Protein chains: 4
Amino acid sequence: MRSSSPEQSRRKRVADAKTAILQAATRLFAERGYDITTTRMIAREAGVAEGTIYLYFPSKRHILLSLIRQASVPVVTSQLADTEGQSDESVLRVLFTERIRFGREYAPLLKTLLSEAMHDADLAQQLLQEVIQPLSALVKEYIEKRIEEGVFREAPADIAARVLVGMFWFTIVYDHLLACDPAAKAEVLGSYTPEEYAQWFANLVLGGIAR
Amino acid sequence: MRSSSPEQSRRKRVADAKTAILQAATRLFAERGYDITTTRMIAREAGVAEGTIYLYFPSKRHILLSLIRQASVPVVTSQLADTEGQSDESVLRVLFTERIRFGREYAPLLKTLLSEAMHDADLAQQLLQEVIQPLSALVKEYIEKRIEEGVFREAPADIAARVLVGMFWFTIVYDHLLACDPAAKAEVLGSYTPEEYAQWFANLVLGGIAR
Amino acid sequence: MRSSSPEQSRRKRVADAKTAILQAATRLFAERGYDITTTRMIAREAGVAEGTIYLYFPSKRHILLSLIRQASVPVVTSQLADTEGQSDESVLRVLFTERIRFGREYAPLLKTLLSEAMHDADLAQQLLQEVIQPLSALVKEYIEKRIEEGVFREAPADIAARVLVGMFWFTIVYDHLLACDPAAKAEVLGSYTPEEYAQWFANLVLGGIAR
Amino acid sequence: MRSSSPEQSRRKRVADAKTAILQAATRLFAERGYDITTTRMIAREAGVAEGTIYLYFPSKRHILLSLIRQASVPVVTSQLADTEGQSDESVLRVLFTERIRFGREYAPLLKTLLSEAMHDADLAQQLLQEVIQPLSALVKEYIEKRIEEGVFREAPADIAARVLVGMFWFTIVYDHLLACDPAAKAEVLGSYTPEEYAQWFANLVLGGIAR
DNA sequence: AATGAATGAGGTTTCATTCAT
DNA sequence: GATGAATGAAACCTCATTCAT
């Protein structure tokens, strides 16, 4: 036990530095964007020297790519994982309330990745494969199960999944935009609590807009 | 007549240069992103000297801000303007087929603006005020009218509008991501024509997902 | 005439900046070596901004490659060009005295190129093709002519040329080394004037070392 | 015996590490040049940690300086040491064939030292004093002896030595350059075997170029 | 003695912007 | 008005060297 201690402490320090860099990068990329964020800023924010970054990542861009893996895990093990016994309305409400473990924590990361993927084909491909499609697949399975159970009506599960996932993503983006314009935020969200919002979302998705 | 000709030609030339710069910027920002695009690239693409850009725009960033006005006009005069006599399904189908005057032409521009707005508060605010909210307002009006007419059920029109607009935007973003990954594109879109897709979208939005 | 003036002055300024950069680079590369010399040093020495270098050369390495062309011209149009009527001894003496138009001016450049070519295959190839081989060819021609005239004995002209050219280059290198060690310089060159040196060189090459 | 064993093994290990570093440095400096070679590369090649280098050498530059001593020994104990009874032609032929213990093994090292000495006064001085001058002295002694014996004609032995040593060095440099350009190599060396080459060199040096 | 993670100064290169022509 | 050469700040990245383990 004592013999493994130095090795453990090294590994701990290593993990610390790498984690600090990733956290700093996530924060800065989200706030200011990938291109504007400099390696110097990341280093300062992470509390390490600039050169240290390059012990753990071969280039600035590899930090960005690493963030995808950070996002893919929580997305895939999302709250859709075990919904046994919950009502659909409750499941959807939770998905859009996006407060539990997800929104607050991962929205900045997802926002960054989505934004950068707009002009980086590699990133787009990875984001699609490792984050968006796994989530779509989960949603699709959920819908298929419900169709089989006769609760949802016969419609293409993949298209329905796309509708839902689309709304989920847009919620992240739209919330961000609103955060930049307090007046608009008040006007748009003013009269509803987030829970009411989520409730209506779920209601509309389930029941449709038409009478 | 002759006397006005030099003045006209001057104005024409001025308009030409400014327009050329804006078009070049739109194209390049959309393809490669704002940060990666250099003023030199814009100048070359526009067929003017680098210095000429600064006769029309105080800085590179002002070119980007100018693009918003380019986007706001067509958005506001969108296909929702006169839908008198069309069925809801047809209206929505058209909105998502996004073929008429809109998708092909403005998607790259909107994509760029959306992406940059993720880390530029000013831009976010303007995009919200001049592009997104006007569109939301139009959709909301449409929904309110339908509710009054008893065709849509009693639900908050603003939230419903947000659902629709969200799906609209996500379509642009998702299509872009898919364009970067041919395999995924085939898998996701493979079995449906764009029209079928739009049809199902409209159907789900109107009728809801639940039986 | 007046109309061409601005264009001329531009071209003049352009030529000035490029020439200044090349001269500064030659000086600094020779004194401190290619790797140690920084673009900042070159810019300061040339009296231009660091960025200006990149208007004329795509990279620092291209400055070095450009120097080869600077060297190839004077080498090829060297003093071997017209030796009609001079005695062989006189021709060789002049070659090794290397004072006329050559040594002082081009030795630092050749020294730099030779040194860098030791670990840069591209440079080595170009140096060989554009500087060393042309000079060898000239010397070889000269020797062949002399053999035909019955003045030189029947020996492979190419090997003889290599002997001569080798001694020529080594003179440059050895002189540089001696310049770094005043004591050695005194010991080696002490008792001979440069002219006597050159005289004996010529004599030994022509007559051989053996009795 | 047993008591001296740990001390021996320590010395052995020390020698091992130091030797490994020097060998690695020699190899890398020769292949890629001093500036391009990093301490990390040396450490990896030598099979030690980067920090270990600094237990044996105060700085990277001191490794280079140490290499001179590696070169000086074999140079001074070169094949000129005992030539009793051999013909001059044979001695010279051997010197230029540079096959015996010399060329293959030390050419890369000498090449590197020569190249770096072009812009490092300290190194130049040491190279001169410890490698070049000892060799020159040996050659000079040899020539003086021959002059005394009446075999060589009355000429300044030091200048003649310089001619010979110059050709020797240039052979190393020129061979390196040719190795970078296969086409040129074929053209230059094509029709002669190395032995023929060496034979003619010796012949020309002894007999002179003139009839 | 040996390690290798950490450092941070400094290198090359880019690019928005200015200004003399 | 139009040009494009010139600028220089600042970006990303490297690497000789140090030092806690």
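Labels below follow one simple rule: chain letters A, B, ... track the order of the sequence lines, proteins then strands, and each chain is numbered from 1. What you see is a predicted model, and the numbers here were worked out from it, not measured in a lab.
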Nearest-Å distance for atom pair CD1/C1', residues D/I21 and F/dA16:
14 Å

Could you state the atom-to-atom distance from CZ of B/R32 to C1' of E/dC15 in whole Å?
16 Å

Is any side-chain heavy atom of B/L113 less than 4.5 Å from a side-chain heavy atom of B/L64?
yes

Should C/L128 and D/C180 be marked as a side-chain contact (heavy atoms from CB on, under 4.5 Å) after you check the CA-CA gap, both sets of side-chain angles, and the distance that decides it?
CA-CA 9 Å; C/L128 210 52; D/C180 298; over 6 Å; no

Could you pick out which residue, B/V48 or C/V48, lies toward the 5' side of DNA chain F when each is mapped onto its nearest nucleotide?
B/V48

note: D/F57, atom CZ; F/dT18, atom P; distance rounded to Å ~ 16 Å

Output all residues satisfying side chain to side chain donor-acceptor pair (under 3.5 Å) with A/K111, sequence neighbours left out; order by chain, then residue number.
A/H176

Range-with-range stems for DNA chain F, at least three Watson-Crick or G-U pairs under 3.5 Å:
E:2-21 with F:2-21

D/Q23: what forms a side chain to side chain contact (heavy atoms under 4.5 Å, CB included) with it, not counting sequence neighbours?
D/T19

Round to the nearest Å and state the distance from A/R44 atom CZ to E/dT7 atom C1'.
15 Å

Here the distance between atom P of F/dC12 and atom CD1 of A/I63, to the nearest Å, is 9 Å

Sequence neighbours excluded, which residues qualify as side chain to side chain contact (heavy atoms under 4.5 Å, CB included) partners of B/A117?
A/L177, B/L123, B/A124, B/L127

What pairs of residues pass the side chain to side chain donor-acceptor pair (under 3.5 Å) test when at least one of them lies in residues 41-55 of chain C, not counting sequence neighbours?
C/R27-C/E45, C/T39-C/E50

With sequence neighbours left out, the residues meeting side chain to side chain contact (heavy atoms under 4.5 Å, CB included) with A/A46 are A/A20, A/I21, A/A24, A/V48

So which pairs with a foot in residues 108-127 of chain A pass ring pair (Phe, Tyr, Trp, His ring centres under 6.0 Å), sequence neighbours left out?
none

Between CG of A/L55 and C1' of F/dA16 the distance, given in whole Å, is 14 Å

Rounded off to whole Å, could you give me the CG-to-P distance for the D/D16 and E/dA1 pair?
15 Å

Mind checking side chain to side chain contact (heavy atoms under 4.5 Å, CB included) for B/R61 and listing every partner two or more places apart, or none if nothing turns up?
B/Y34, B/S59, B/L65, B/D120, B/D122

May I have the distance from D/Y56 (atom OH) to F/dT17 (atom C1'), rounded to whole angstrom?
18 Å

Reading nucleotides 8-14 of chain E 5' to 3', which nucleotides get B (base under 4.0 Å from a protein heavy atom), which S (sugar-phosphate only), which -?
B--SBBB

